[in-house]
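Given the structure is predicted, the values throughout are model-derived calculations rather than measurements. Note that ligands are numbered from 1 as they come in the structure, with each ligand's atoms numbered from 1 the same way.
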Amino acid sequence: MSNGEKLGRIFSGVQPTGNLHLGNYLGAIRNWVNYQSSYESIFCVVDLHAITVPQDPAALRQSTREVAASLIASGIDINESILFNQSQVSCHAELSWIFNCVARLGWLNRMTQFKEKAGKNRENATVGLYGYPVLMAADILAYKATLVPVGEDQKQHLELTRDIATAFNSMFDVECFPLPEPKIETTAARVMSLRDGSSKMSKSAESDMTRINLTDDTDLIAQKIKKAKSDADVLPSELEGLEGRPEARNLVGIFAGLSGRSQEDVLSEFAGQGFGAFKPALAELATEVISPISAEMRRLLNDVAEIDNQLAKGALRASAIAEPILDEVKEIVGFVK
Ligand code: TRP
């Protein structure tokens, strides 16, 4: 599909924090890969957002490259889509400042993610953490993107983005910014910990056995699935039979996600079988999907200069879109050029 035929412009961001795992893949990355052919897609590794909390500089650089490599390895096509890291496109920071002068304290005070991240010691949180959602609005609106694939937890930030766009437009009596819509994939599997079916698979969980990282090799994936918590019952033939069985539900959900089949369909195949039969099938499927990604990631990470080169190219393409929009905004605001 050429750009002229695409259905709109997508923008999404991902934090450069450590290893991505199966939850990130099934919940977000795989959808991004699928959107590329129908939407003009811009994907950003948000290193400016990352420093709203303390980061080790070497680790930040490494994570930025790792996340970029995992997106490319998962199928983000850097020729078709734009992939870059945020700090290389200065429009984000500049537009964010202008939006700081549009957004109201009252709006930011309602942001639940700030309250969670700042915790009890709010006085000690950085001003950057407070302004995090304003920068996110700048990310999206710097490209006049209209669709933003995000998880449920980012919905409130998207609403703030719309509020900022609306306020800017009315403050200056212009129709500069469109109102972007969240694109929340309801079919995406919510992937839970392999050790506790009631908590989300997470990169911060202490035990590595709770998650499948995109860098795990075949043996490790198989071992993690073998040791995953399950139960002693057989699989039911209907979804209702998974109620009250969070671990069983999670493993079935992962199978469905990885195979692109519905959970009902997976159950119809495995009904009556126990985990002794289901787990090896799941391990085989998981390694089939994840191993090529992890192998490609390792290959890419062997050549850091090439990743950096691709990110720099992406940044140039991103700037080519964002700069004229920022120019338009500066003109509206009344800055001398
Ligand atoms: N806040 C998002 C997250 O933590 C990441 C992000 C930053 C983002 N800027 C964005 C997502 C712009 C979508 C659009 O997941």
Side-chain angles (χ1 to χ4, degrees), residues 8-21 23-32 35-36 39-53 55 60 63-64 67-68 70-71 76 81-96 99-100 103 108 111-118 126 128-165 177-185 188 190-191 200-204 314-315 318 321-322 325:
R9 182 178 287 160
I10 273 188
F11 183 99
S12 199
V14 58
Q15 290 255 9
T17 42
N19 270 338
L20 297 182
H21 53 68
N24 303 119
Y25 179 72
L26 291 180
I29 302 174
R30 198 184 42 175
N31 297 326
W32 295 8
Y35 296 149
Q36 297 180 103
Y39 301 92
E40 182 189 353
S41 303
I42 306 174
F43 302 116
C44 180
V45 186
V46 293
D47 49 7
L48 296 176
H49 277 107
I51 63 163
T52 57
V53 295
Q55 298 287 339
L60 175 61
S63 302
T64 301
V67 168
S70 59
L71 294 179
I76 296 296
S81 306
I82 298 180
L83 173 67
F84 70 107
N85 60 310
Q86 198 181 21
S87 61
Q88 289 205 68
V89 178
S90 60
C91 299
H92 294 245
E94 287 186 63
L95 187 59
S96 184
F99 286 167
N100 275 334
L108 290 182
M111 295 295 115
T112 54
Q113 193 166 70
F114 173 76
K115 292 180 203 171
E116 275 162 29
K117 284 196 182 174
T126 66
L129 187 66
Y130 190 68
Y132 181 115
V134 179
L135 177 59
M136 188 163 154
D139 294 341
I140 298 162
L141 296 172
Y143 302 88
K144 297 190 180 179
T146 49
L147 290 164
V148 185
V150 281
E152 282 285 337
D153 64 332
Q154 297 297 312
K155 253 175 113 172
Q156 195 186 32
H157 290 162
L158 245 290
E159 275 157 31
L160 185 89
T161 301
R162 296 164 61 90
D163 288 344
I164 290 175
F177 292 117
L179 303 187
E181 298 281 348
K183 193 166 169 56
I184 294 180
E185 210 56 56
R190 204 171 127 83
V191 180
K200 252 171 97 170
M201 184 174 285
S202 139
K203 58 190 154 216
S204 53
I321 301 174
I325 294 173

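- Considering backbone and side-chain atoms alike, H157 places every N or O at 3.5 Å or more from each N or O of ligand 1.
- Short contacts between ligand 1 and V148, defined as distances under 4.0 Å to a heavy atom of the residue, involve ligand atoms 13 (C), 14 (C).
- The heavy atom nearest to atom 7 (C) of ligand 1, out of those in V45, T17, V46, is found in V46.
- At distances below 3.5 Å, at least one donor-acceptor pair connects side-chain atoms of R162 with backbone N or O atoms of P180.
- Separation of atoms NZ (K144) and CZ (F177) is listed at 7.0 Å; rounding is to 0.5 Å.
- Classified by interplanar angle (parallel below 30°, tilted 30° to 60°, perpendicular above 60°), the ring pair F43/W32 is parallel.
- Given atom 11 (C) of ligand 1, the protein heavy atom at minimum distance is G13 N, 3.3 Å.
- Protein heavy atom at the shortest distance from atom 9 (N) of ligand 1 is D139 OD2, 2.7 Å.
- Remark: the backbone N or O of S81 is not paired with any side-chain donor or acceptor of Q36 at under 3.5 angstrom.
- Within ligand 1, counting atoms from 1 as listed, the ones closer than 4.0 Å to a heavy atom of V150 are 11 (C), 13 (C).
- Distances between N or O atoms of Q154 and those of ligand 1 include at least one value under 3.5 Å.
- Checking T17, N19, N24 one by one against K203, the side-chain hydrogen bond (donor to acceptor under 3.5 Å, both in side chains) holds for a single residue, T17.
- The protein non-hydrogen atom at the shortest distance from atom 1 (N) of ligand 1 is Y132 OH, 2.7 Å.
- Ring planes of F11 and F84: perpendicular class, angle over 60° (limits at 30 and 60°).
- The distance from ligand 1 to the heavy atoms of H49 drops below 4.0 Å at these ligand atoms: 7 (C), 9 (N).
- At distances below 3.5 Å, not a single donor-acceptor pair connects side-chain atoms of H92 with backbone N or O atoms of L135.
- In I140, the part holding a heavy atom less than 4.0 Å from any atom of ligand 1 is the side chain.
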